[in-house]
Each structure stands twice: as C-alpha cells, then as structure tokens.
Enquirer: 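One structure coming up, written as structure tokens, with questions to follow.
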There are 2 protein chains.
Amino acid sequence: MNEAAVPDIVISRLPLYLQILNQMAKEGLHTISSKDLSERSGLSASQIRKDLSFFGGFGKQGQGYSIYHLLEQLQKILNMNRIWQVAVIGVGDLGRALTHYQGFANQGIEIVLLFDIDPKVVGSQVGSLNVQHTDHLEEEIRRSGVRMAILTVPVDAAQSIANRLVEAGVRAILNYAPVTLRLPDFVNVQHIDPVLHLQHMMYYLGND
Amino acid sequence: MNEAAVPDIVISRLPLYLQILNQMAKEGLHTISSKDLSERSGLSASQIRKDLSFFGGFGKQGQGYSIYHLLEQLQKILNMNRIWQVAVIGVGDLGRALTHYQGFANQGIEIVLLFDIDPKVVGSQVGSLNVQHTDHLEEEIRRSGVRMAILTVPVDAAQSIANRLVEAGVRAILNYAPVTLRLPDFVNVQHIDPVLHLQHMMYYLGND
DNA sequence: TAGATTGTTAATCGATTAACAATC
DNA sequence: TAGATTGTTAATCGATTAACAATC
C-alpha cells in the first residue's frame, strides 16, 4: 500500500468516473459538469469536485470539464498508459468466463497467463492461451514479470496460492475465493464475492 | 432502502463474519473472541464488538462468543431462515458460471430462473434449469415471486432489463454489467465489476 | 478467586457536504 | 457582461478506536 496523500476511498471512485466518461465519450459528448457526473454516478457534485481536485484543477469555471482531457488525466493517474498483464489461477467456469471477457480490452488489462492443477484442463487452450500447470506458477510469473493476478481457485487452495503469487512478485490480487486472504501490507488485495453482496441485500428484503 | 437504525456499513460486514464463522465451525472450533475474529478478518476487535452489539449481546464476558450461537443469530438477522430464489438474466459465460457455482448452496441462495435473448441459448438446459426468453421475464418473475436478480447482460441492455425487473417485483439486483444503474430508492443494487477493482489496484502499483 | 473478554461510552479520526469567492 | 460552474474552505456528519467498568 502507498496511500500517501490521497485517501484510498477517493482512489476507489476514479475507475467509476473513468467508466462514466468513457460512456459519455461514446455518446459523442464533449464536456461535462460535476452536476452531470453526479446524476450519472449517484455521488454528490461536491464530492466529485473534491475527489478530482486532489489531483489538480481539471475543469474550467463556468464550463465544466473536457471529457477528453479528464479521461486522459484519469488514465494517467491510474497508470493506464501501459497494458497491465494479469495471471488467472484456476481455470474453472469463472476463470474461463473472465478469460473470455471482452470488458478488459481498452482498460489497460490483458490476461496473459492461465494456471490450473486439473490434468483435464492443463494443456488445453482457452482463447489464445495455453493452460499451464500450477507447478510452473513461480517460474512463469517471474519470467513474464506479471504483477497482477486473479484468483479463482477453490477456497482451500486460495491462501497457499496467494502466498506463492506474492513470493513470485505479484503485488495485486483480485480474489474470487470466499475467504479473507492474509498477506503482507505491500500487497493489494480486493475481494469479489457475490454471496456477500446477496446476503447484504437480503437484510433489506426483510422476511416477506 | 431501509437503513432504520443500523448503518449500512455495519450490515455489509455481517456476511463476512458469517463466512469466517462458517469456516471456523468447519474447523471444529466452538468459541471465538473478538480478537480471533479480528485476526481472521483484518478488522479491529473493537469494531467487531461494536457491530455485533447493534443487534444484542451475543457474547459472554471472559469467554467470547459461541460460534454456533453467533452463526444462528447472524443468519436470522440476514433473513437466512429461508431460501431466497434468484433470477439470472444473461446466460453467457458469466451467467453460466454463476449458475454452476457451488458456493450459493447453504447460503440461503438458489438460482431458479434463467433468461436470455439469444435464440441459440433460449430453450437450452443449464444445470437443471431451462433458459427462457427474456420476453417472458415479467410473467415468470411475477409467477414465481422472485425478489432478487443477478444481471449479466451486455451493458447496453442492463438499464432497460433492470427497469423491467423492478416493474415485475424484483427488489434486489446484483449487477455485473459495467454501468451504474439508476433505479428507485426502494431497490437495492450492488455492483460487481472486476475492471473497477483492477484499476483501483493499478494506482498503487505505480509505473514500474 | 483471578483472568479474560465483553458491551458501551466518550474521544478521535476521517469523509462528506454546504457555501461561496474566483473565474471562465 | 451575466451566468454558470469550478476549486476550496469550513462546518457537519458519521465511523472507528480507545478505554474501562461490568461480569462470566
């Protein structure tokens, strides 16, 4: 981690702004006000202006923000002026779905390594990639210099694979296994778990 | 929404406690202290005690919490004393992966309806379910009384399908499409988007 | 009993919002 | 110019943490 000056909660909203701006660019729009962004994001205009001002004054009083310019700035802030190569560990249904997912293109993300332990899967082709055995994980990660990984292995394998990824140089892990990974502070971990989200919502549905 | 007394951020942590307690029960443990839970979750012991105390005093001074009892209480709070039926709209790779996902069993979640618009997919069998055409969405949701939905359709279809779901009675939507849905306040929406998480982490990876 | 750990209060910390001068 | 909207400050709001009496 490296929170330095800008709060992590601010950073977490930047990709959302990026997504909305991309959508608006696609719609052919050229400028946007914090009020427009507010309506599209559900966040307050005040908060959006404050978030952006952590990184500089990107707007013009009276006119708002240039979509093109703001996109460019956000991409730079998020280190998207390059492609980040990603390894996927666990090529089950979910790993396969992620490998085929079109939404990574143009977002600075490219899946370049696939690993599994199942002999029926190892050696098979998924998209344009060959699935390698998890035995070669360290070697391949080191060779390729991959720093990000997506973990879609069964819960019992997750922690030990995560440790090995970190050992091999991975510094950001997107974890789909339903377990809280315990890793050193210098590793970024994000957790995706539909069960947690669904149970969260169940609370509000009451019992009727 | 229905925040009443307990902050939403507290509710959002309950499923995580549940997950950890389930894991500990599986390990054969019987009691747990807020300190143990802290170590497994990465949250502070103080925060955990405060979160739980919103719902009552579940522990015993000097001993901690009974895992069994706490599990039971959390399940009740989250309305898990029943099975919540869920519709999946969009049976692509991701929708298919979710339908096959084993992690919903025993968590109060059951996928019971599948919809798609692609003639190659409509009518096909996925797991034990038949994929229906999205034309029948309202009719089937109403008939079955389903209140929760998972949205795995392309981004351009997401908002209009979401509107139709709400119209048909759905009150909780887990959205996998990369767009912010605009829905009435009485509908719960949660968003899962790996791109947002990966871009968030890219910030911290710097540029080396 | 002595030790451990809860439940809760008050203090601290941090994030959001409101307001408005600056300025395009 | 007049109107609109930013960037920023101060006020408010809410969440987390520290501390400790209660008590098992």
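Just so it is clear: chains get the letters A, B, ... in the order the sequence lines come, proteins before strands, and each one is counted from 1. Since we're looking at a predicted model, the values are computed, not measured.
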Enquirer: What residues, two or more places apart in sequence or in another chain, satisfy side chain to side chain donor-acceptor pair (under 3.5 Å) together with A:His191?
Expert: none

Enquirer: Take the protein atom CG of B:Asp8 and the nucleotide atom P of D:dT16, then report the distance between them rounded to whole Å.
Expert: 11 Å

Enquirer: Let's see if you get this right: which residues in residues 16-44 of chain B place a heavy atom under 4.0 Å from DNA chain C?
Expert: B:Ser33, B:Ser34

Enquirer: Can you tell me how far P of D:dG14 sits from CZ of B:Phe54, to the nearest Å?
Expert: 12 Å

Enquirer: Check step by step if side chain to side chain donor-acceptor pair (under 3.5 Å) holds for B:Ser33 and B:Asp36.
Expert: CA-CA 5 Å; B:Ser33 70; B:Asp36 297 330; 3.3 Å; yes

Enquirer: What residue among B:Leu71, B:Leu74, B:Leu18, B:Ile109 forms side chain to side chain contact (heavy atoms under 4.5 Å, CB included) with B:Met80?
Expert: B:Leu18

Enquirer: Run the side-chain donor-acceptor check on residues 166-175 of chain A: report pairs under 3.5 Å with partners two or more places apart or on a different chain.
Expert:
residue	atom	partner	partner atom	Å
A:Arg171	NH1	A:Val166	O	3.0
A:Asn175	OD1	A:Ala177	N	2.9
A:Asn175	ND2	A:Ala177	O	3.2
A:Asn175	ND2	A:Val179	O	2.9

Enquirer: Nearest 0.5 angstrom please: B:Thr31 OG1 to B:Met24 CE, how far?
Expert: 8.5 Å

Enquirer: Quick one: B:Leu52 CG to C:dT8 C1', roughly how many Å, whole number?
Expert: 13 Å

Enquirer: So if I apply the side chain to side chain contact (heavy atoms under 4.5 Å, CB included) rule between A:Val126 and each of A:Ile111, A:Asp116, A:Leu114, A:Val88, which one comes out positive?
Expert: A:Leu114

Enquirer: On the 0 to 90° scale, with breaks at 30° and 60°, tag the B:His200-B:Tyr204 ring pair as parallel, tilted or perpendicular.
Expert: tilted

Enquirer: Between atom CD1 in A:Ile48 and atom C1' in C:dT17, what is the gap in whole Å?
Expert: 13 Å

Enquirer: Could you give the NZ-to-C1' distance, from B:Lys50 to D:dG14, as a whole number of Å?
Expert: 10 Å

Enquirer: Expressed as a whole number of angstroms, how long is the span from B:Ile9:CD1 to C:dA15:C1'?
Expert: 11 Å

Enquirer: In chain order, what residues pass the salt bridge (charged side-chain N to carboxylate O under 4.0 Å, His left out) check against B:Glu138, with sequence neighbours excluded?
Expert: B:Arg164

Enquirer: Rounded to whole angstroms, how far apart are CZ on B:Phe58 and C1' on C:dT5?
Expert: 17 Å

Enquirer: Starting at atom CD of A:Gln47, determine the distance to atom P of D:dC13, rounded to an integer number of angstrom.
Expert: 16 Å

Enquirer: Go through the steps to decide whether A:Gln23 and A:Glu27 satisfy the test side chain to side chain donor-acceptor pair (under 3.5 Å), and finish with yes or no.
Expert: CA-CA 6 Å; A:Gln23 176 60 32; A:Glu27 293 172 15; 3.1 Å; yes

Enquirer: What one-letter contact string describes nucleotides 19-24 of chain D from 5' to 3', where B marks a base within less than 4.0 Å of any protein heavy atom, S marks contact via sugar-phosphate atoms alone, and - marks no contact?
Expert: B--BBB

Enquirer: Can you give me the dot-bracket string for DNA chain D, 5' to 3', counting Watson-Crick and G-U wobble pairs with both distances under 3.5 Å, using [ ] for crossing pairs and | for partners on another strand?
Expert: ..||||||||||||||||||||||

Enquirer: Go through C:dG7, D:dT6, D:dT17 for me and flag the one nearest to the A:Tyr65 side chain.
Expert: D:dT6

Enquirer: Could you walk me through whether A:Gln47 and A:Asp51 pass the side chain to side chain donor-acceptor pair (under 3.5 Å) test, one step at a time?
Expert: CA-CA 6 Å; A:Gln47 179 169 71; A:Asp51 282 356; 5.3 Å; no

Enquirer: Which heavy atom of A:Thr152 sits nearest to which heavy atom of A:Gly90, and what is that distance?
Expert: OG1-O, 2.5 Å

